Amino acid sequence: MPRMTGKRVLKYIDSAICHTAGIAFDSIQFFNRYNPNPSFTPKWSDKPLLKSWEKSKPTLGWPRTTDSLCPTCVKEAREKIINGEEDYKTLVTDHVGEIKAKIIERNGQVWMVKDCPKHGKFEDLMAKDVKFLEWIEKNFPGRDIRAHNDEKLHNHGTSTIKHGRGSVLTVDLTNRCNMMCDPCFMDANQVGYVHELSWEEIQEIMRNALEIKPRRQMSIQFSGGEPTMSPYFIKAVRYARELGYNSVQAATNGIEFAKSKEFCKQAAEAGLRYAYLQFDGIGNDANSHRQIGNLFDVKLRAINNMHEAGIEIILVTTLVNGVNNDQVGPIINFARENPKKIAFIAFQPVSFTGRDEDITPERRLRQRYTLSHMASDVKEQVGISEPTRDWFPISLMGAFADFADMVHGPEADWGQVSCGCHPNCGVGTALMINKETKEMAPVPQFLDIPGLVRDMQKLTDAGRSKWFSNLMMGLALLKNYKPFKSPKSLALIDLLKKFDKSFALTGKNYGNVKGDRTLEDIMKRRQDPWNFLFIAGMWFQDLFNYDFRRTEMCIIPYATQEGEISFCAYNTGIGWRKIIENMHKNATVAEWYRQHGKHEVYAKGKKVNLGSYEHSLKINAEDAARVRQRGEGPQTAAEEERLRKQAAREAAEVRKMYEELVLKKTPEAPLVQIGAPLR
């Protein structure tokens with residue numbers, strides 16, 4: 001009979017501890033459920049914390065009816081506002097472009113179907129697997145505290161954010177960019193004007209955001225365009241940390257970070273904590289649609305430089321069906337092979353807006369990619385995770401935030417970050433990876449997430465003391481832990497530390513994350529032997545699948561000169577972005593160039609001069625060398641435009657031949673100006 005290894009013995013011990021903890025939790029909770037303490041009102045809110053049964057929910061399931069938009073009516077109304085024919089305030093007072101939509105099940109899929117009396121029928125795919133979306137909606141814990149003290153910043157008619165404070169405040173520093181991507185949801189470098197915030201506007205926007213309650217500890221993300229092109233980028237990062245924003249981020253293509261280690265150092269010292277790095281796949285071919293010859297090399301160099309400076313990296317991938325969704329597996333495997341440098345992947349199924357707003361129905365249905373597509377691709381390409389076991393709405397994190405808010409008590413200055421968005425907006429799962437051995441397992445495989453959430457909500461609802469609640473939370477973790485399904489080297493203490501590190505429940509110092517954090521703090525947090533690799537899918541809306549129930553729960557508000565607007569209402573929806581940028585534009589592009597000179601744009605295969613291509617990342621050579629199999633039909637808005645022009649020319653030629661051969665019309669001779677030279 002083979003001898004059991006030491007690790008195997010420890011698993012049996014862990015299993016016995018977990019079983020005992022489960023009995024203890026259930027026994028204590030039998031009494032703990034009686035006479036719960038009333039919810040307190042914390043300093044960061046004028047309304048009390050919500051019990052789990054007090055949380056409201058939008059109508060879910062199907063068939064259901066919701067409020068949506070007619071894609072054509074919206075574009076017509078927006079043009080009238082931009083051209084000065086209508087006042088933008090009609091968006092606040094009226095229901096511009098709004099129509100009803102039905103969300104239905106059809107052949108095992110979920111679809112949105114809507115009819116405009118003027119422009120006819122529109123329909124689009126919401127999920128290719130009805131069971132996946134059923135599972136996600138089933139695990140939605142409910143909305144956050146309703147937003148209050150927000151009338152000055154949240155006043156956008158039916159586009160108004162109504163629930164919570166969000167989790168990431170997005171600030172577009174500039175609409176200028178040094179790339180020419182297709183797709184691009186904001187149509188950077190193509191709108192004909194420059195919209196760039198002044199330093200005074202940046203300060204005011206960041207200060208205003210702190211007035212809204214619930215006053216949650218928010219992340220702030222500087223975006224664009226390319227935010228590093230703003231002359232105030234470093235200054236804005238530093239000011240955000242001074243104001244108390246927990247996490248300062250930059251949504252970037254990485255070019256400036258790849259070119260200069262000194263720039264990375266300056267950004268990190270100013271307080272940049274995360275880089276949302278545009279990352280479309282492994283190898284230069286997988287990134288070729290971005291029109292830079294060595295873009296993958298740029299990404300690797302940027303990751304190397306930023307990590308060395310103390311900036312954490314989040315890979316952000318826009319997924320288009322038939323264009324780069326084959327990169328889901330290679331990207332996850334890249335993160336698995338580099339667990340010391342990559343701790344988060346944010347997949348973003350394409351939103352057909354910006355340059356793609358006029359997409360043809362044929363290409364839209366062919367390239368539509370949903371969250372259910374993503375979960376399926378993870379399983380098929382990586383061989384891990386079960387879509388209806390391992391994926392959850394990212395709003396489920398709100399239940400963890402609720403517990404932490406209760407434990408931190410009424411005197412806390414900030415509420416916990418709470419991702420309380422609609423369950424159709426985003427999903428997530430996680431892998432626990434040993435940074436040295438690369439041993440890993442999906443977290444829901446060894447931790448019963450629904451069971452843990454139910455037990456945690458019981459503790460939150462009871463509202464007991466910090467000490468007692470933390471003790472019970474530890475028992476709940478052990479109760480729902482499955483030792484034999486976890487990585488062999490994962491110990492119980494590792495799991496407990498990971499949870500405490502994330503929510504700061506015991507007060508132990510794992511490395512400061514506040515505004516005065518140092519490089520030593522960063523390195524201390526990195527000493528954790530386990531990487532909690534979070535894989536998220538965030539699906540932003542477009543005009544074809546727009547749902548106002550999602551807009552009013554947005555967790556990524558855009559901070560602008562006209563208040564804070566839902567991400568989708570700003571970039572898609574009625575299109576507040578184009579309206580506000582036109583209202584506050586600095587100059588036409590030509591005027592800007594005359595005053596400031598042209599900035600460098602990398603396009604049409606141009607390479608970035610990196611100086612050095614060195615990096616310490618592990619790359620799968622087969623993935624890097626792979627050449628994509630191009631699908632049929634146009635792949636981008638630019639290709640569709642070329643085909644439209646070609647079709648128009650061919651139609652004109654056919655018409656000309658018809659007139660000459662059939663109608664016997666004589667071609668008119670071109671007019672010649674007297675005195676002009678003959679050609």
Side-chain angles (χ1 to χ4, degrees), residues 254 257-258 264 274-287 294-319 324-348 374-375 377-385 390 428-446 486-490 494 498 522-523 525-537 610 612-628:
F257 295 100
C264 295
Y274 291 105
Y276 257 63
L277 181 66
Q278 175 199 69
F279 194 88
D280 283 345
I282 306 302
N284 280 316
D285 183 77
N287 292 270
N294 61 341
L295 188 55
F296 184 59
D297 302 301
V298 170
K299 305 300 180 183
L300 298 179
R301 187 67 177 163
I303 292 171
N304 192 82
N305 291 352
M306 288 190 288
H307 184 265
E308 186 178 298
I311 301 168
E312 308 302 333
I313 295 99
I314 298 171
L315 304 181
V316 183
T317 308
T318 300
L319 292 173
N324 71 327
N325 62 297
D326 64 323
Q327 289 295 316
V328 167
I331 289 172
I332 293 175
N333 288 331
F334 171 74
R336 287 169 59 185
E337 285 300 311
N338 296 279
K340 294 182 179 181
K341 293 183 173 66
I342 308 295
F344 201 117
I345 300 172
F347 288 125
Q348 296 179 351
M374 183 196 68
D377 277 343
V378 171
K379 180 179 180 181
E380 292 175 8
Q381 296 180 30
V382 191
I384 58 172
S385 82
D390 297 344
T429 190
L431 307 178
M432 190 71 85
I433 305 176
N434 188 302
K435 292 179 181 178
E436 297 299 333
T437 66
K438 312 291 176 65
E439 182 188 9
M440 72 95 196
V443 173
Q445 175 180 298
F446 62 83
S486 70
K488 292 180 180 179
S489 56
L490 181 68
D494 295 320
K498 204 71 178 173
I522 295 169
M523 296 308 165
R525 292 187 72 83
R526 287 180 177 177
Q527 289 174 5
D528 188 336
W530 289 93
N531 180 17
F532 188 80
L533 177 62
F534 193 73
I535 305 171
L610 295 178
S612 172
Y613 283 75
E614 291 182 4
H615 64 81
S616 57
L617 294 147
K618 292 187 177 181
I619 310 296
N620 182 294
E622 184 178 342
D623 287 338
R626 181 164 40 164
V627 177
R628 291 178 301 162

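Residue numbers run from 1 in the order of the sequence given. For clarity, every value in this text was computed on a predicted model and none was experimentally measured.
For Asp297, the side-chain contact (heavy atoms from CB on, under 4.5 Å) partners two or more places apart in sequence, or in a different chain, are Asn284, Asn294, Leu610, Tyr613. Lys618 meets the salt bridge (charged side-chain N to carboxylate O under 4.0 Å, His left out) test with no other residue; sequence neighbours excluded. Asp390 meets the side chain to side chain donor-acceptor pair (under 3.5 Å) test with no other residue; sequence neighbours excluded. Residues satisfying the ring-ring contact (aromatic ring centres under 6.0 Å, His included) test with Tyr276, not counting sequence neighbours, are none. With sequence neighbours excluded, no residue forms a ring-ring contact (aromatic ring centres under 6.0 Å, His included) with Tyr274. For the side chain to side chain donor-acceptor pair (under 3.5 Å) test, residues two or more places apart in sequence or in another chain that qualify with Asp494 are Trp530. For Glu622, the side chain to side chain donor-acceptor pair (under 3.5 Å) test picks out no residue, with sequence neighbours left out. For Ala275, the side-chain contact (heavy atoms from CB on, under 4.5 Å) partners are Thr252, Met306, Ile311, not counting sequence neighbours. In terms of the side chain to side chain donor-acceptor pair (under 3.5 Å) criterion, residue partners of Glu312 (sequence neighbours excluded) are, by chain and number, Arg526. Phe279 meets the ring-ring contact (aromatic ring centres under 6.0 Å, His included) test with Phe334; sequence neighbours excluded.
Judged by distance alone, with hydrogens and angles left aside, the side-chain atoms of Arg626 form no donor-acceptor pair with the main-chain N or O of Gly283 at under 3.5 Å. At distances below 3.5 Å, at least one donor-acceptor pair connects side-chain atoms of Gln381 with backbone N or O atoms of Asn325. Although no hydrogens or angles enter the test, the distance criterion places no donor-acceptor pair under 3.5 Å between the side chain of Gln327 and the main chain of Gly281. For the pair Glu439 (side chain) and Lys488 (backbone), a donor-acceptor distance under 3.5 Å is present. In this structure, Asn305 contributes its side chain and Phe257 its backbone to a donor-acceptor pair below 3.5 Å.
Residue Leu533 holds its CG atom at 4.5 Å from CD1 of Ile433, rounded to the nearest 0.5 Å. A distance of 10.0 Å separates CG in Leu490 from NZ in Lys498, rounded to the nearest 0.5 Å. Considering CZ of Phe344 and CG of Asn531, their distance stands at 12.0 Å, rounded to 0.5 Å. Rounding to the nearest 0.5 Å gives a distance of 3.5 Å between OG of Ser612 and CZ of Arg301. Between atom CG of residue Asn287 and atom NZ of residue Lys299 there is a gap of 6.5 Å, rounded to the nearest 0.5 Å. Within the model, atoms CD of Gln445 and OG of Ser385 stand 10.5 Å from one another, a figure rounded to the nearest 0.5 Å.
For the side-chain contact (heavy atoms from CB on, under 4.5 Å) test with Ile331, the passing option among Asn324, Thr317, Ile535 is Thr317; the others fail. Of the listed residues (Leu315, Asn338, Val298), just one forms a side-chain contact (heavy atoms from CB on, under 4.5 Å) with Ile303, and that residue is Leu315.
For the residue pair Ile332 and Ile345, the shortest heavy atom distance occurs at CA-CD1, 3.8 Å. The nearest pair of heavy atoms linking Asn434 to Pro339 is O-CG, 4.4 Å. Nearest approach of Asn304 to His615, heavy atoms of both residues: OD1-CA, 3.4 Å. Between Leu431 and Pro442, the closest heavy-atom pair is CD2-CA, 3.7 Å. In this structure, Val328 and Phe347 approach most closely via the heavy-atom pair O-CZ, 3.9 Å. The two residues Ala346 and Ile314 make their nearest non-hydrogen contact at CB-CG2, 4.2 Å.
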Evaluate side chain to side chain contact (heavy atoms under 4.5 Å, CB included) for Asn620 paired with Asn333, printing each intermediate quantity in order. CA-CA 9 Å; Asn620 182 294; Asn333 288 331; over 6 Å; no
Thr429 vs Phe534, test: side chain to side chain contact (heavy atoms under 4.5 Å, CB included). Steps then yes/no. CA-CA 6 Å; Thr429 190; Phe534 193 73; over 6 Å; no
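Residues in residues 331-342 take part in these salt bridge (Lys or Arg N to Asp or Glu O under 4.0 Å) pairs, two or more places apart or across chains: Glu337-Lys438, Lys340-Glu436. The salt bridge (Lys or Arg N to Asp or Glu O under 4.0 Å) analysis of residues 276-286, with sequence neighbours excluded, yields the pairs Asp280-Arg290, Asp285-Arg628.
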